Amino acid sequence: MWSSKLAFILAVSGSAVGLGNVWKFPYITGENGGGAFVIVYLICVFAIGLPIMMSEVLIGRRGRRNPIATMRLVGEEESGSSKWQLVGGMGVIGGFMILSFYSVVAGWALAYIFKSATGAFTGTNAAEVGAIFDGLTANWPVLLAWHTLFMAMTVFIVARGVQRGLEQAVQILMPALGVLLVILLFYSISEGNFAEGVNYLFRADFSKLTWDSVLVALGHAFFTLSVGMGAVMAYGAYLPASASIPGTSVAVVFADTGIALLAGLVIFPIVFANGLAPGEGPGLIFQALPLAFGQMPGGVIFATLFFLLLSFAAWTSSIGLIEPAVAWLVERYEQSRVQAASMVGATVWVLGVGSVLSFNLLADFKFWRGTIFDNLDHLASNIMLPLGGLLISVFAGWVMCRNSTSEELDMGTGVAYSTWRFLARFVAPIIVLVIFLNSSGFIGWVQGLSNGG
Ligand code: TRP
């Protein structure tokens, strides 16, 4: 059991706040045109992500096992069917896929700790930071080494089962990351093009928004909150019966959204002041932030600290990605934690090699959404997470009976509970479905048929 409500909030925030907030949110916002994308993302976070997070916690606390066993158990209890365990299974596979490319990017953050500490960014211009980033990603043996180190760090913690030991560290280091972002915000306000950055982030022009961007925003709402794959369910399994699920979920969602918006407010003013392209891609923050660090007083220290804290945030997230699979192997096949963690870690590592090579040897090997890295990200984040979330909300809203959910949520039967149930039953599943149908071109295809006929 978690020792307290705060311990649970810290653990789930540790999994939620990570590369998704600081690295992915700014770069996909830049790729998808800013304002309108951000609004859709925020709507998805609050109208879909939050009720699904509450659903995951309540299912997890009822099942009190790993996500696969929990979905089987609670599914059998509520509907007599064991098929719901497939949702847990899909989550485990999704976690594998996400961790495989997540670890590669976390490797960049690790590499940047050392570049920062040795003053590589001092006095650099946009072309130079670009060359540093390209130099790193072009060098596949070095990337592979960082990816290996990060996976080893993750396996190490999970194998020893001492994740809880990180709780205390999260308590200090996550606020520290927030404080550092606020310091950077002052830099962006005074030295960056702050007005243009804010404008880009919040002025919405929906006429330019495509259904594909809407799908990316939806996927990111799941990704950044760590929901849709049973990770939060795994944490919920250890939540004491007395802790409030709505309260803890709201706290996590606000912390996560706050950090993402802060990162956006820091990065875009720097991007515009230095003539970088917002749609630069996955390297965006690895170019914009070093530029700022290179110009500010004390930049070497701030930069080193920043990439250290970012790596730590990535580390606590990677634990959440791997834990469902490890818990399942331990409970189902009675493996030791060391065995289970090593096996899962090795599998993820192999998959990650595809992402390592996506930035160099296989950079031109493109299909569907782009490189291997792009495809893993799209399939796991934008398709599997929303699909998992849809099934979880249908399960909590339709399959579980009213008594079970109201008992777990402990919100009474008033407006708050009804709102949750309405969001879980109707809003979340329907919005996900509508976005899937439109972005896949299905709706357009049907309209084409009816126009033609
Ligand atoms: N939320 C994490 C981030 O923003 C990444 C993530 C996605 C995750 N799914 C997860 C973490 C599941 C833990 C568990 O960086």
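For ligands, and for the atoms within them, numbers begin at 1 and follow the listed sequence. Please read all numbers here as calculations on a predicted model, not as lab measurements.
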Atom pairs and distances, ligand 1 N/O vs protein N/O under 3.5 Å:
residue  : atom   : partner : partner atom : Å
ligand 1 : 1 (N)  : S15     : O            : 3.3
ligand 1 : 1 (N)  : A16     : O            : 3.1
ligand 1 : 1 (N)  : F223    : O            : 2.7
ligand 1 : 1 (N)  : T224    : O            : 3.2
ligand 1 : 1 (N)  : S226    : OG           : 3.0
ligand 1 : 4 (O)  : A16     : O            : 3.0
ligand 1 : 4 (O)  : G20     : N            : 3.3
ligand 1 : 4 (O)  : N21     : OD1          : 3.4
ligand 1 : 15 (O) : L19     : N            : 3.2
ligand 1 : 15 (O) : G20     : N            : 2.8
ligand 1 : 15 (O) : Y102    : OH           : 2.5

- Task: Step by step, work out the side-chain contact (heavy atoms from CB on, under 4.5 Å) result for L351 and F101.
- Result: CA-CA 8 Å; L351 203 56; F101 68 81; over 6 Å; no

List for me each residue that meets side chain to side chain donor-acceptor pair (under 3.5 Å) alongside [X], sequence neighbours excluded, and say none if there are none.
| X | answer |
| --- | --- |
| Y27 | none |
| T154 | S318 |
| N66 | E331 |

- Message: Which residue in the set Y187, F286, F306, F121 passes ring pair (Phe, Tyr, Trp, His ring centres under 6.0 Å) when paired with F293?
- Response: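 Testing F293 for a ring pair (Phe, Tyr, Trp, His ring centres under 6.0 Å) against Y187, F286, F306, F121 leaves exactly one candidate, F306.
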
- Query: Between V271 and I267, is any pair of side-chain heavy atoms under 4.5 Å apart?
  - Reply: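 Yes, side chains in contact.
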
